[in-house]
Amino acid sequence: MLPIMASMPELQLVAGADVNPITRERFRTRYPDACVYSSVAELCSDPEVEAVWVSSPNRLHCEHAVEALQHGKHVVVEKPMAISLEEVDLMLAAASKHGVKLIAGHTNSFELHVRAMRKVINSGRLGKVRAVHIWSYTDWMLRARTPDELDPDQGGGIPWRQGPHQIDVVRLLGGGMLRSVRGTTGAWMAERPIAGYQCAYLEFEDGTPATILHNGYGYFMTAELFPWAMETLRYSPEEHVEIRKALRSRTRDEEADKQAFRIGGERDPNRVEESAGPKPWVPSDLGMVLVTCERGDIRNSANGLYVYGDEGRREIPLVGTLGIGMQEHRGELNELYDAVVRGKPVYHSGEWGGATLEACLAMMQSGRERRDVLLHRQVPMPADYDSELELPPDQPTDA
Ligand SMILES: NC(=O)c1ccc[n+]([C@@H]2O[C@H](COP(=O)([O-])OP(=O)(O)OC[C@H]3O[C@@H](n4cnc5c(N)ncnc54)[C@H](O)[C@@H]3O)[C@@H](O)[C@H]2O)c1
């Protein structure tokens, strides 16, 4: 997120905090004008800091968000918003008491292609939404992990880390009000004591179904179905083989591999490369999203969205028009700015994030108890969300 923050003229990157000295040093080198702190408490005591992006390990999200909120800072908190609903309630209470904004980010529901799908659904041109399906096969379990990421009790594993993405997108597309979840999770790699698999059937209040699936074990990759996406993989298929061998023989230097992807590391993805031009859509971790409506379907295309209707297939171009790429990672920063400066509502509110976490927890509980779990704290996405987003006109496509 740092390159994205730094690229926005509306924002000033004034400070960062981390307990890791290497990361602090690399941050200082890249952003010499910003202050660097070794604790969240110091960061929150800086009067120049108006808003804090909480991106620490999952078990600390609540503690760090509450600390910032108590200091009168607005907060964007990474997913999962917290690791219990009690923590969510503490965060909601702190935001309300101190009169500051709390945004539950940084899920794929902020991405432009998902928001464009919602716009098509809400336009009514395909009739009512009848089903949402999101399927993903990735190498998530082969990525380097810290010890806390390998502990399910601290929010480690696919259901904690990827559940919020898929569930948030399902909720955004279906309106928000889930009724029940029947799900399961799976952990079947001895070297990784966390779940690498999730799948769930979610039902909205009006009976509309949704399914989600994420298999992170890195054999089949969803990207194979979208050939242009293979080049964007974090690891090549050959590297998957090598990593799996290193994990099984316990010879992998996990800390070094993880640090390589952090700020300033050899494989830092540093998405600041705007100059590289617009990039096609790829399934990334979220996976392929398929929406079924009464009179048609919607799915991603390389260039934007395919909309299938009674007159055939049309395409809504998004790449290079509204700009899939860095622009779409500004979702919660725009929402924060609009709320603080322009007085607009927060849409991905703490209540919204709490509802997504509730469904995530329900998926895990359902897997343990092998039954449907009913939900009680769902909230709708207000109809005026994204009212300023205008899609380009759709065009005919070949085939
Ligand atoms: N939205 C997304 O797509 C996405 C992607 C990756 C990670 N995340 C989220 O970001 C968070 C971090 O994940 P990561 O992969 O970047 O892990 P990471 O280990 O690279 O980052 C966590 C950082 O927090 C620091 N930290 C730990 N304890 C701290 C403390 N007490 N005070 C201050 N800093 C502390 C660590 O030193 C580390 O630099 C997780 O919540 C994860 O779910 C979100």
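Whatever order the structure lists them in is the order used to number ligands and atoms, beginning at 1. Starting from 1, each residue takes its place in the sequence as its number.
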At what distance, to the nearest 0.5 angstrom, does [atom1] of [X] lie from [atom2] of [Y]?
X      : Y      : atom1 : atom2 : value
Leu374 : Glu203 : CG    : CD    : 10.0 Å
Leu60  : Gln154 : CG    : CD    : 8.0 Å
His240 : Lys245 : NE2   : NZ    : 14.0 Å
Leu305 : Ile298 : CG    : CD1   : 7.0 Å
Ile194 : Trp160 : CD1   : CH2   : 13.0 Å

Below 4.0 Å, non-hydrogen atoms only: which portion of [X] touches ligand 1? Side chain, backbone, both or neither.
X      : result
Asp18  : both
Lys79  : both
His106 : both
Thr107 : neither

Pull out every atom of ligand 1 sitting under 4.0 Å from any heavy atom of [X], numbered as shown with elements.
X     : answer
Val40 : 32 (N), 33 (C)
Leu60 : 28 (N), 29 (C), 31 (N)
Asn58 : 40 (C), 41 (O), 42 (C), 43 (O)
Asn20 : 37 (O)
Ser56 : 11 (C), 12 (C), 24 (O), 40 (C), 41 (O)

Out of Ser55, Ser38, Gly105, who is nearest to atom 10 (O) of ligand 1 when you count heavy atoms only?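 Nearest heavy atom to atom 10 (O) of ligand 1 lies in Ser55.
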
| task | Going by heavy-atom distance to atom 7 (C) of ligand 1, choose the closest among Arg262, Glu332, Arg161. | result |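 Shortest heavy-atom distance from atom 7 (C) of ligand 1: Arg161.
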
Check: Polar-atom distance check: Thr146 versus ligand 1, any N or O pair below 3.5 Å?
Finding: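 No, Thr146 has no N/O under 3.5 Å of an N/O on ligand 1.
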
Which pairs of donor and acceptor atoms, one on a side chain in residues 9-20, lie under 3.5 Å apart (sequence neighbours left out)?
from	atom 1	to	atom 2	distance (Å)
Asp18	OD1	Asn20	N	2.8
Asn20	OD1	Ile22	N	2.9
Asn20	OD1	Thr23	N	3.4
Asn20	ND2	Thr23	OG1	3.4
Asn20	ND2	Gln259	OE1	3.3

_Show me the pairs that pass salt bridge (charged side-chain N to carboxylate O under 4.0 Å, His left out) and involve residues 180-191, at least two apart or across chains._
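Salt bridge (charged side-chain N to carboxylate O under 4.0 Å, His left out) check on residues 180-191 returns Glu191-Arg248.
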
Next item on the list: Using the rule that two of Ile, Leu, Val, Met, Phe, Trp, Tyr join whenever any of their side-chain heavy atoms come within less than 4.5 Å, decide whether Val52 and Val100 are in one cluster.
Entry: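 As far as the 4.5 Å side-chain criterion goes, Val100 and Val52 are connected within one cluster.
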
